[in-house]
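These notes are about the structure you will find just below.
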Amino acid sequence: MKKILSAIIIIATGLLTLAGYLFREALSPVLALFTDWAILLIGIAGILGIGYLLRMHILRVAKKQKGNFYSIFLIIVFLLTVISGITLSPQSEYFKDMILNVQIPVEASLLGVVAITLLYTSLRVVRIQGWTPLSIGFLSSALIMLILNSGLIGFKPDSLAGRIAGFIQRMPVVGARGILIGMALGGLIVGLRVLLLLDRPLGED
Amino acid sequence: MNLSDLAWGIIGLILTVMVLSYAIGDNFLFRLASHIFIGLTAGYFLVVIIHQIVWPYWVTPLAVGSWGQRAWMIIPSALVLLLIISQFQKFSKLGIIPVSFLIGVTTAIVIGGAVFGTLIPQISTIVERFEPSAWAAAPEQTGFLVLDAVVMLVGVIGVLSFFYFGRRKIEFPDDDQTKRPRFFEGLGKIGQVFIGVTLGAIFAGIFSSTLWALIDRLSFASDLIKGLFGGT
């Protein structure tokens, strides 16, 4: 019963939404309605997720488990943010100041840490992967792009050197386009398999 | 610098030092900064979800909408209630209805996005590069434009060949089951080079920006300390 109900809902909502894409003029209200409901459900799922996170930290504090000191800070900062956000609204200058003055330093510093890690990992690529077409392409492209993007070497756009540099800078677009088309084909196949019930995302048999 | 800027500046400096302390290994300061960051981000997400999703998509139509709008809100309200109730062990099976609805809608959106948002525009762009009128418009660059178009086509076919996951019919029991047909294997090698080039360029971009972020943080810290202690 559970399996049949799930299949009916997936096929009905999936085909109706897809029909909304294909017959936009006639079925756009259905597409908009279903999308709105999906956004609401995803939002509620997000709230439930945050609830679980908070519950885990409250339990850690209550049971005095390892790391409860950090959880106390997490809960205090969370409550402060929620209370100021709800009382002041997310558009308030004070609220924005509070969020940005914590987010920017932490995120920028984390990016700084990532820079060091990236440098170390890139040097290990050849040792782990060996000299494959992928690693050769990766390292040569990274090096050339770092030099070209640094602005140390200037080219006149109309000169032969400028055209060659432009051609080299366009090369990554080729692979990106192939990856995008590959991802889209993969998404299309998985989507069709779900709609045709060949795959069961809920895992019930 | 007013008092508020100074206070936020000092908080920013402390957080910067706490996060950058990770360079000497995982430690108390880094873990504290990450928990503060998670708490703030979770709180911010909750506020944004309430203000930008729950309020306009659920509360407003129910509170001030017409009777027709309110009637249409019965289904999403029921789905939301089922999703919430399903979090209790006893009613967990009820969650299958809202989750199936989400799977159906997101699957259709993925298919629609893949076809109309990626496949058609990307393939059109590749085909348009072989437009003779575009080559004729810039005769001095025809060679480059033709080379560009050919490299684009060969590169994309190569990358897609690398993603070829089918395998040939096994004729002999000793056949390598993971090996692809020779034609796709060869094209896949070309594809690997292009994937490597793309990932390398992405790496260069990310590395440059992260390095800038690190320099910006260090310069911020140095400016604030100079400001506080009256240095130049």
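Computed over heavy atoms, backbone and side chain alike; hydrogens, waters and symmetry mates excluded. In the text below, chain A, chain B and the rest are named by the order of the sequence lines, each starting its count at 1.
- Ranked by heavy-atom pairs under 4.5 Å with chain B, the list A:V194, A:L110, A:D36 is led by A:D36.
- B:V151 touches chain A through backbone and side chain together, each having a heavy atom under 4.5 Å away.
- Minimum heavy-atom separation, A:A115 to B:F207: O-CE1, 3.4 Å.
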Output a table of donor-acceptor pairs, distance under 3.5 Å, between side-chain atoms of residues 33-51 of chain B and any protein atom two or more places apart or on a different chain; print 'none' if there are none.
unit_1 : atom_1 : unit_2 : atom_2 : d
B:S34  : OG     : B:F30  : O      : 2.7
B:S34  : OG     : B:R31  : O      : 3.1
B:H35  : ND1    : B:R31  : O      : 2.9
B:T41  : OG1    : B:F37  : O      : 2.6

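- Your options are B:I84, B:T118, B:L160, B:D148, and the one with the most heavy-atom pairs under 4.5 Å with chain A is B:D148.
- Neither the backbone nor the side chain of A:S84 comes within less than 4.5 Å of any heavy atom in chain B.
- Between chain B and the options A:G187, A:G112, A:S109, the largest number of non-hydrogen pairs under 4.5 Å is found for A:S109.
- The part of B:Y22 that comes within reach of chain A is its side chain, from C-beta onward, which places non-hydrogen atoms under 4.5 angstrom from that chain.
- Using a 4.5 Å cut-off between heavy atoms, B:I97 touches chain A through backbone and side chain atoms alike.
- For B:W72, the CH2 atom counts as loosely surrounded, since its 6.0 Å shell holds 12 or fewer non-hydrogen atoms of other residues, nucleotides or ligands.
- Only the side chain of B:V99 comes within less than 4.5 Å of a heavy atom in chain A; its backbone stays farther off.
- Within 6.0 Å of atom CG in A:L198, more than 12 heavy atoms from other residues, nucleotides or ligands are found, so the atom counts as buried in its surroundings.
- Options A:T117, A:L31, A:V82 differ in how many heavy-atom pairs under 4.5 Å they form with chain B, and the most are formed by A:V82.
- Between chain B and the options A:V114, A:L53, A:I86, A:L48, the largest number of non-hydrogen pairs under 4.5 Å is found for A:L48.
- Counting non-hydrogen atoms of other residues, nucleotides and ligands closer than 6.0 Å to CZ of B:F116 gives a total above 12.
- For A:L192, the parts sitting under 4.5 Å from any heavy atom of chain B are the backbone and the side chain alike.
- For A:S141 against B:V197, the heavy-atom pair with the smallest separation is OG-O, 2.6 Å.
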- request: Give the C-alpha distance, both sets of side-chain angles, the deciding distance and a yes or no for side-chain contact (heavy atoms from CB on, under 4.5 Å) between A:V173 and B:M152.
  value: CA-CA 8 Å; A:V173 179; B:M152 180 67 77; 4.3 Å; yes
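- Both the backbone and the side chain of A:Q103 have a heavy atom closer than 4.5 Å to some heavy atom of chain B.
- The parts of B:I109 that come within reach of chain A are both its backbone and its side chain, each placing non-hydrogen atoms under 4.5 angstrom from that chain.
- Each of B:V193, B:I126, B:I157 has some count of heavy-atom pairs under 4.5 Å with chain A, and the biggest count is that of B:V193.
- Annotation: maximal heavy-atom pairing with chain A below 4.5 Å, among B:V154, B:I202, B:L147, occurs at B:L147.
- For a heavy-atom cut-off of 4.5 Å, chain B lies close to A:G175, A:A176, A:R177, A:G178, A:I179, A:L180, A:I181, A:G182, A:A184 in residues 175-184 of chain A.
- Interface summary for chain A: among B:I206, B:I11, B:I75, the most heavy-atom pairs under 4.5 angstrom belong to B:I75.
- Of all non-hydrogen atoms in A:A45 and B:L83, the two that sit nearest each other are N-CD2, 4.1 Å.
- Here A:F78 is the residue among A:Y52, A:F73, A:F78 with the most heavy-atom pairs under 4.5 Å with chain B.
- Within the 4.5 angstrom heavy-atom criterion, atoms from both the backbone and the side chain of A:L41 approach chain B.
- Interatomic distance, CD1 of A:I104 versus CZ of B:F220, reported as 10.0 Å (0.5 Å rounding).
- Residue B:V156 touches chain A through both its backbone and its side chain, counting heavy-atom pairs closer than 4.5 Å.
- Atoms CZ and CD, on A:F138 and B:Q192 in that order, are 14.0 Å from each other to the nearest 0.5 Å.
- From A:M145, atom CE reaches atom OG1 of B:T198 across 9.0 Å, with rounding to the nearest 0.5 Å.
- The most heavy-atom pairs under 4.5 Å with chain B, out of A:V190, A:I47, A:I144, A:I189, come from A:I47.
- Ranking B:Q122, B:M18, B:M73, B:Q52 against chain A, the residue ahead of the rest is B:Q122, based on heavy-atom pairs under 4.5 Å.
- Heavy atoms only, all atoms of each residue included: A:A38 and B:V105 are closest at CB-CG1, 3.9 Å.
- Using a 4.5 Å cut-off between heavy atoms, A:I39 touches chain B through backbone and side chain atoms alike.
- Interface summary for chain A: among B:I195, B:L20, B:L199, B:L32, the most heavy-atom pairs under 4.5 angstrom belong to B:L32.
- Heavy atoms of B:T125 lying under 4.5 Å from chain A belong exclusively to its side chain.
- When all heavy atoms of B:A204 and A:A142 are compared, the closest pair comes out as CB-O, 3.7 Å.
- For chain B, the nearby parts of A:I164 are the backbone and the side chain; heavy atoms of each come within less than 4.5 Å.
- Here the closest non-hydrogen pair linking B:I53 and A:L40 is CG2-CA, 3.9 Å.
- We find the OG1-CZ distance between B:T106 and A:F34 to be 12.5 Å, quoted to the nearest 0.5 Å.
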message: Go through it in stages, so that I can follow the logic: the residues are A:W37 and B:Y57, the test is side-chain contact (heavy atoms from CB on, under 4.5 Å), and I'd like the CA-CA distance, side-chain angles, deciding distance and then a yes or no.
response: CA-CA 8 Å; A:W37 293 356; B:Y57 286 90; over 6 Å; no
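- Both the backbone and the side chain of B:L79 come within contact range of chain A, judged by heavy atoms closer than 4.5 Å.
- A distance of 11.0 Å separates CD1 of A:I11 from OG1 of B:T107, quoted to the nearest 0.5 Å.
- Between the CD1 atom in A:I9 and the CG atom in B:L102 there is a gap of 11.0 Å [rounded to 0.5 Å].
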